[in-house]
There are 2 protein chains.
Amino acid sequence: MPVTIYDVAREAKVSMATVSRVINGTAVVKDETKKRVQDAIARLGYRPNAVARGLASKRTRTIGVIVPDVSAAFVAEMVRGIEDIATMYDYHIILVNSDAQVDREVSLVGTMWEKQVDGIIYMTNVLSQKEIDAFEEAQIPVVLCATEDPERRIPSVNIDNYRAGRDAVNFLLEKECKEIAFVTTEEGESVVADRRLQGAQSRMRDQELHVIRTGQGRYEVALGIIREYLEKHPLDGVVAASDELGLATIHAVQDIGRHVPGDVKVIAFDNTRLATMIRPEMTVIAQPMYDFGAVSMRLLTKLLQDEPVDNYSVTLLHNILERKST
Amino acid sequence: MPVTIYDVAREAKVSMATVSRVINGTAVVKDETKKRVQDAIARLGYRPNAVARGLASKRTRTIGVIVPDVSAAFVAEMVRGIEDIATMYDYHIILVNSDAQVDREVSLVGTMWEKQVDGIIYMTNVLSQKEIDAFEEAQIPVVLCATEDPERRIPSVNIDNYRAGRDAVNFLLEKECKEIAFVTTEEGESVVADRRLQGAQSRMRDQELHVIRTGQGRYEVALGIIREYLEKHPLDGVVAASDELGLATIHAVQDIGRHVPGDVKVIAFDNTRLATMIRPEMTVIAQPMYDFGAVSMRLLTKLLQDEPVDNYSVTLLHNILERKST
DNA sequence: CTGTTAGCGCGTTCAC
DNA sequence: GTGAACGCGCTAACAG
């Protein structure tokens, strides 16, 4: 039989209300009785039941974290950031994968509602109205993490992807690149990627920006596509929408007997560990992946505790780390 | 005001018990009244409160997942496996990182207890008695995932690491390697790694197995250590305890002007995506990372539903994928 | 097949 | 400073 707050009360010869008080520090309790209670708790090995607590207080100290796929390096890093800050503020996270499927995402918001989570941290490739409606219906505070919401209807943490795309191209331009390509996923796959592409295009003037589409952006398929493109087009600079695509580019270049950075310079997005674990080490537009998660979670705690928030859509800084591929 | 089961009952002109029945399929309900209830639920947008449900039923349909660090590729993949199967059986997971610190691990088992999780999936580098005691005290079913418990006191899912280490060395031996090294972490860092080393050593006969210790096994520090070792010792075969260490080995070999696989053959553990994203593609002892998670979760569901279990310590198969580094 | 009645373990008034 | 009593939303007997 699990020991309850009543058992502690009896053991300490006080009422359960008093026990509750010393546990939660809700009110002043005489030092002596407080000690009696604490001793009783220790003696009985009492653990407050978080479920009962959640029912009574209507707060579960649990956060729903909805992501496309934890097994992606970028996402995992972010989740780690979320969890660290959650722990710091005494929250726990329920993690679910949506595979970026709208129906599933909407359904997951519903189950988070049933779970009575205090808040949600949400990441997706494309934010649709359906999801916004789901948030609205569930009446749960949401923070978007590394997710584009052009209309900024929901609190969010992101970088300026347009500017980042622009910076990447600018970097190559300053390296005297003439024929630049942007390697990315299919259009509509990811609003973040699309936004970067727009930024990249905005920096080109009379020249044309080559755009290489690689499906979902997986290394294996991208490799072939990029190689084929390279054989037909004399590129000398590539911006890749992810480390994985950057690596595919480097290998594609090498496969056709050309050289990075001598013949083709490559700069990629993200800066996962991959970027420094390959040869040549990759120049990147670094994204603060861990911070995306950490800052999102911190913002959410503010929302939950009615702390003043001076900025509901936080823009973190990206930066260029020049290495050996440019 | 959130709508409760009472509201639905009133709307459908039945008792709350009946509503509960149609929601849970706990008993037969006349088709007509069932429909009335379902309509009422839809009309009101009712969602059952999982917290109240958990308190009443003493089952939360929540699983605690305790891992060293989600941001490690290996772990993230495993978590994905856990979550997929959890979803399939209508469970959710609370994810926490322990950083492999015993105190924290013990404490986390305690908070899982408070959260009233139905079960725990546990992964760690070194399993100590303290943790076993914590499981015992919390009285929660636990499944160890990719974690060595020599005494098999707790249900677990793992590969035969001893045999895997042996197989790796054997593979190099058959390739005519004479001077073989095992690149791993410090002794005691990870029982899994230690076990593999033992297996590796068991396969050597009169020859000596070189052992290269690389601290925590991080690429950046390992690279220097391995390079230094290589300069002093004429190795021609290396078994690395992880993909990351395998890659460090390949680069170390290249750094001193030698060649993989020509001069030195490299085989590594794990087979994360990294292994096929580098040049040369790495020969590996592949571990079923996703399956570790998936099978663990499945085993746990059996434990929770009192299904018959024919094997409490499941041994998954590893296999060698020969690629370009050997 | 359906309704009534107890709890589940805790937070939170409101008195004392 | 402390205790008694109620309610959070639901499941699970038990009747009928």
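None of these values were measured; they are calculated from a predicted model. The sequence lines fix the lettering, A, B, ..., with proteins before strands; numbering per chain opens at 1.
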**Distance, rounded to the nearest Å, where Lys30(B) contributes NZ and dT2(C) contributes P** = 5 Å
**Nearest-angstrom distance from the residue atom CG of Asp118(B) to P of dC8(C)** = 19 Å
**Request:** Report the distance from atom CG of Asn49(B) to atom P of dG9(D), rounded to the nearest whole Å.
**Result:** 7 Å
Atom pairs, protein N/O to nucleotides 11-14 of chain C N/O, distance under 3.5 Å:
unit_1, atom_1, unit_2, atom_2, d
dG11(C), OP1, Asn24(A), ND2, 3.0
dG11(C), OP2, Ser20(A), OG, 2.9

**Asked** Given atom CG of Leu44(A) and atom P of dG9(C), what is their separation to the nearest angstrom?
**Response** 15 Å
**Prompt:** Between Val29(A) and Val51(B), which is nearer to the 5' end of DNA chain D once each is assigned its nearest nucleotide?
**Reply:** Val29(A)
**Message:** Does Val14(B) reach a base, just sugar-phosphate, or nothing at all? Heavy atoms under 4.0 Å.
**Reply:** sugar-phosphate
**Prompt:** Hey, are Asp90(B) and Arg61(B) close enough for a salt bridge, meaning a charged N less than 4.0 Å from a carboxylate O?
**Reply:** yes
**Request:** Can you tell me the distance, in whole Å, between the NZ atom of Lys115(B) and the P atom of dC8(C)?
**Result:** 22 Å
**Item:** Residue pair Asn49(A) / Ala52(A): nearest heavy atoms and the distance that separates them
**Value:** OD1-N, 3.0 Å
**Message:** How many whole angstroms separate atom CH2 of Trp113(B) from atom C1' of dG9(C)?
**Reply:** 14 Å
**Asked** Can Asp99(A) and Arg80(B) be counted as an ion pair, charged N to O under 4.0 angstrom?
**Response** yes
**Request:** Decide, yes or no, whether a salt bridge links Arg298(A) with Glu307(A) under the criterion of side-chain N to carboxylate O below 4.0 Å.
**Result:** yes
**Prompt:** Of the nucleotides dC10(C), dT2(C), dG9(D), which one has an atom closest to the side chain of Thr18(B)?
**Reply:** dT2(C)
**Message:** One thing to verify: whether Arg152(B) and Asp149(B) come together as a salt bridge, which I'm taking to mean a side-chain N less than 4.0 angstrom from a carboxylate O.
**Reply:** no
**Message:** Applying side-chain contact (heavy atoms from CB on, under 4.5 Å) to Asn158(A) and Glu148(A), what does each step give before you reach the verdict?
**Reply:** CA-CA 8 Å; Asn158(A) 207 345; Glu148(A) 286 283 321; 3.1 Å; yes
**Lys35(A)/Asp39(A) ion pair, N-O < 4.0 Å** = yes
**Asked** Taking atom C1' of dC10(D) as reference, at what distance in whole Å does atom NZ of Lys58(B) sit?
**Response** 13 Å
**Asked** What is the distance, rounded to the nearest whole Å, between atom CD of Glu114(B) and atom P of dG9(C)?
**Response** 15 Å
**Prompt:** Does Ser15(A) have a side-chain nitrogen or oxygen under 4.0 Å from the phosphate oxygens OP1 or OP2 of dG3(D)?
**Reply:** yes
